[in-house]
Amino acid sequence: MSEKEKDIATVEVQDLSETVAHTSAHDQQDMKRMGKKQQFVRSFHIVTSVAFTSCVMGTWELLLTTSPPALVAGGTAGLFWSCIWGYFGQSFIVLSLAEMASMAPTAGGQYHWVSEFAPRRYQKVLSYTSGWLATLCWLSFTTVSCFVCGEMVQSMIILSNPDYIPERWHQTLLTIAFVICVGLFNIFAAPWLAMLEGIFAFLHFIVFIPLVAAMWALAPVKQSARTALLMFQDNGTGWNNPSIALLIGQVTAMFTLVGSDAAAHMAEEIRDAGVVVPRSMWWSFIANVPPTLAILITYCFCIGDTVAAIDSPTGFPIVDIFSKMTTTSSGAVGLTFVLFLLLVFITASCQASASRQTFAFARDDGLPLARYIGSVHPHYKVPVNAIILSISFTLVLSLINIGSTAAFNAFLSVGVVALMATYSISIFCVLLKRLRGERLGHARWKLLGKNVEDDGGGGGLGKYGVLVNSIALVYSIWSFFWSFWPAAKHAQPGTMNWAVVIFAGVMALALATYLLHAKNVYDGPVARVVILEEEDSSEEKSEGSSVSA
């Protein structure tokens, strides 16, 4: 080795010393097998990983703030039972994703798993499609969170000043302000992200207790059990059929229960990821059930007149409950601010996950300007350019809101559609591999039983894999289907669900990008590893021939 090469190697070791020092032997083996270079600091462990995933899910916080569409289409009973069967179906999806995350713990998530498990001839196109969909959904979720934070600020202004008239451009400015703030946080405060997630988890699992007690004690009007939990309502969809309204309104529950795959996108920052990531996904999902059900039942009983709550000037039925619970506007503002603060944590975590997904897909040449977007800042050890892309995406979408809130909501609703599509594709691929009797990768996480070094390629779900994957696939397709339905029977441009149009448009853009750019540069993560292994093998053979000669 020349002096120049020694200097370069020394610099690389110094630059990576902090990242490598936090990796386990299993992490190093996994990264080598997947053909990836360790670029992040693995600062998360099991507790902070569960905290992070719980934060991104933000189940009960998002349930309270995104409930109006479900209350319109189904009422409180519709919202309650949608969450019940949503939890049942989503649990099988989480188990399926957890198994795949254990076999391939990478920030790429679904598009990488598709590349591993899809039939060889379809690996490239299915992986590329999944990468585009996953990137779109996570960028959309970040925008949704920023938008809801802005709406919460406006609701607190209305409580303090009833004469305030919220304008769409006000909401746009607030959304832009929030995405810039969380973007700066994710760039400059990255070393403290794990610690702050722990603080959120403490608040997330503690705050709901006094909140539930206060609602039961102070809410002036409470619905009967029959009305709250058994009477399905159509409060304005025009279908005149509570059953159809219920099926349309279930999308809200679907949205609040997704997000467990956030841990997978942080896998390269989690120590011993092959075990910790799937455990984080599963236990954060389970841990959120008690507080969510407690909040949900309380909310359904204490909301009072559902139609009046929907028509609240603040736009949030939960804020309407707060205003009725307290005798002063400052008291309602205080309760709303607590909920708002938790939403800010959720937004920051959501953007962190979105940036890692975007970075990973660009790293594998799935996006234009791949070298720029798929880089990690050498000092901050975060994908700064991917975070900037997330900020830009939200900024552009928020400008659309000035012209039309319906058009803006169309871009946001497609996030759930895109995520369910990635679930369906990845789970179908692993299920097909199982049905064909093909060997799966080694999973260090097991649903039941202890881990063994050689599990025969049966994955982490073992003999239950076909059943779990099948139920997960049915539920994801079911969710995908209902996400396209309009909120009203006689839809107008302002009430139409434009998700199908946006989804088709994004797929057309992905196809054009694939034909013009990615077709020649995108091989998929697994195909790239095979190419690298073949190149290494060729080099070893040529070196051996030289030595023999």
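Note that the numbering runs from 1 along the sequence shown for the chain.
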Q: Decide whether Asp272 and His45 meet the rule of one side-chain donor and one side-chain acceptor closer than 3.5 Å.
A: no

Q: Compute the ring centroids of Tyr164 and His170, then answer whether they are less than 6.0 Å apart.
A: yes

All N/O donor-acceptor pairs, side-chain side in residues 70-77, below 3.5 Å, sequence neighbours left out:
residue: Thr76; atom: OG1; partner: Ala228; partner atom: O; Å: 2.8

Q) Regarding Ser155 and Thr314, is there a side-chain donor-to-acceptor distance under 3.5 Å anywhere? A) no

Q) Does the pair Arg356/Glu269 count as a salt bridge with the N-to-O cut at 4.0 Å? A) yes

(Q) Go through it in stages, so that I can follow the logic: the residues are Tyr423 and Ser479, the test is side chain to side chain contact (heavy atoms under 4.5 Å, CB included), and I'd like the CA-CA distance, side-chain angles, deciding distance and then a yes or no. (A) CA-CA 10 Å; Tyr423 290 167; Ser479 303; over 6 Å; no

(Q) Quick test of your reading: applying side-chain hydrogen bond (donor to acceptor under 3.5 Å, both in side chains), list the pairs with at least one residue in residues 274-283, sequence neighbours left out, ordered by first then second residue. (A) none

**Q.** Residue pair Gln357 / Tyr111, side-chain donor-acceptor N/O under 3.5 Å
**A.** no

Q) Which distance, rounded to the nearest 0.5 Å, do you find between the OG of Ser390 and the CG of Leu395? A) 11.0 Å

(Q) Under a 3.5 Å cutoff, is there a donor and acceptor pairing between the side chains of Asp261 and Trp138? (A) yes

Q | Derivation of the side chain to side chain contact (heavy atoms under 4.5 Å, CB included) call for Val148 and Leu343 | A | CA-CA 8 Å; Val148 172; Leu343 285 171; 3.9 Å; yes

(Q) Aromatic contact between Phe80 and Phe232, with the criterion being ring centroids under 6.0 Å apart: yes or no? (A) no

Q) What is the distance from atom CD1 of Ile158 to atom CD of Glu151, rounded to the nearest 0.5 Å? A) 10.0 Å

Q | Ring geometry between Trp60 and Phe208 (parallel below 30°, tilted from 30 to 60°, perpendicular above 60°) | A | tilted

Q. Side chain to side chain donor-acceptor pair (under 3.5 Å) with Thr48: which residues, sequence neighbours excluded?
A. none

Q. Is any NZ, NE, NH1 or NH2 atom of the basic residue among Asp27 and Arg42 found under 4.0 Å from an Asp or Glu carboxylate oxygen of the other?
A. yes

**Q.** Ring centroid separation Trp216 to Phe301 under 6.0 Å
**A.** yes

Q) For Leu229, does its backbone N or O pair with a side-chain atom of Trp81 as donor and acceptor, under 3.5 Å? A) yes

Q) Among all residues two or more places apart in sequence or in another chain, which pass the salt bridge (charged side-chain N to carboxylate O under 4.0 Å, His left out) test with Glu61? A) none

Q. Are a donor atom and an acceptor atom from the side chains of Thr326 and Thr328 found within less than 3.5 Å of each other?
A. no

Q) Can you name the salt bridge (charged side-chain N to carboxylate O under 4.0 Å, His left out) partners of Glu197, sequence neighbours left out? A) none

Q) Tell me, do Phe185 and Gln351 make a side-chain contact under 4.5 Å, heavy atoms counted? A) no

Q) Quick one: ring-ring contact (aromatic ring centres under 6.0 Å, His included) partners of Phe44, sequence neighbours excluded? A) Phe52

(Q) Within this structure, what is the CG-SG distance for the pair Leu342 and Cys55, rounded to the nearest 0.5 Å? (A) 8.5 Å

Q: Would you indicate whether the side-chain heavy atoms of Ile310 and Asn235 approach each other to under 4.5 Å?
A: yes

Q | Any donor-acceptor N/O pair, Ser160 side chain to Ile157 backbone, under 3.5 Å | A | no

Q) Side chains of Gln250 and Trp485: donor-acceptor distance under 3.5 Å anywhere? A) no

Q: Could you go through the side chain to side chain contact (heavy atoms under 4.5 Å, CB included) check for Thr59 and Ser54 one step at a time?
A: CA-CA 8 Å; Thr59 311; Ser54 299; over 6 Å; no

Q: State whether a side-chain donor-acceptor pair under 3.5 Å links Thr175 with Thr172.
A: no

Q. Do any N or O atoms from the side chain of Ser284 and from the backbone of Met281 form a donor-acceptor pair under 3.5 angstrom?
A. yes

Q. Angle class for the Phe178/Phe340 ring planes (parallel below 30°, perpendicular above 60°, tilted otherwise)?
A. perpendicular

**Q.** Trp445 side chain near Val277 side chain, heavy-atom distance below 4.5 Å
**A.** no

**Q.** Validation row: Thr306, Gln233 side chains within 4.5 angstrom (heavy atoms)
**A.** yes

Q.
Check this for me: Phe202, atom CZ, are more than 12 non-hydrogen atoms of other residues, nucleotides or ligands nearer than 6.0 Å?
A. no

(Q) Using modelled atom types and a 3.5 Å cut-off, is there a donor and acceptor pairing between side-chain atoms of Ser102 and backbone atoms of Gly274? (A) yes

Q: Compute the centroid of each ring, for Tyr475 and then for Phe92, and state whether the two points are separated by less than 6.0 Å.
A: no

Q | pair Cys83-Leu63: side-chain heavy atoms closer than 4.5 Å | A | yes

Q. For Asp234, does its backbone N or O pair with a side-chain atom of Thr237 as donor and acceptor, under 3.5 Å?
A. no

Q) Got a donor-acceptor contact below 3.5 angstrom from the Ser476 side chain to the Leu473 backbone? A) yes

Q) Nearest 0.5 Å, what's the CG-OG1 distance between Leu397 and Thr143? A) 5.0 Å

**Q.** Contact check, side chains of Thr394 and Thr142, non-hydrogen atoms, under 4.5 Å
**A.** yes

Q) Within the distance-only criterion (no hydrogens, no angle test), does the side chain of Gln223 pair as donor or acceptor with the backbone N or O of Cys300 below 3.5 angstrom? A) yes

Q.
Could you go through Phe393 and Leu136, starting from their C-alpha distance and side-chain angles, then the distance that decides it, and tell me whether this counts as side chain to side chain contact (heavy atoms under 4.5 Å, CB included)?
A. CA-CA 10 Å; Phe393 182 89; Leu136 170 67; 4.2 Å; yes

Q: Verify, without hydrogens or angle tests, whether His265 (side chain) and Ala107 (backbone) share a donor-acceptor contact under 3.5 angstrom.
A: yes

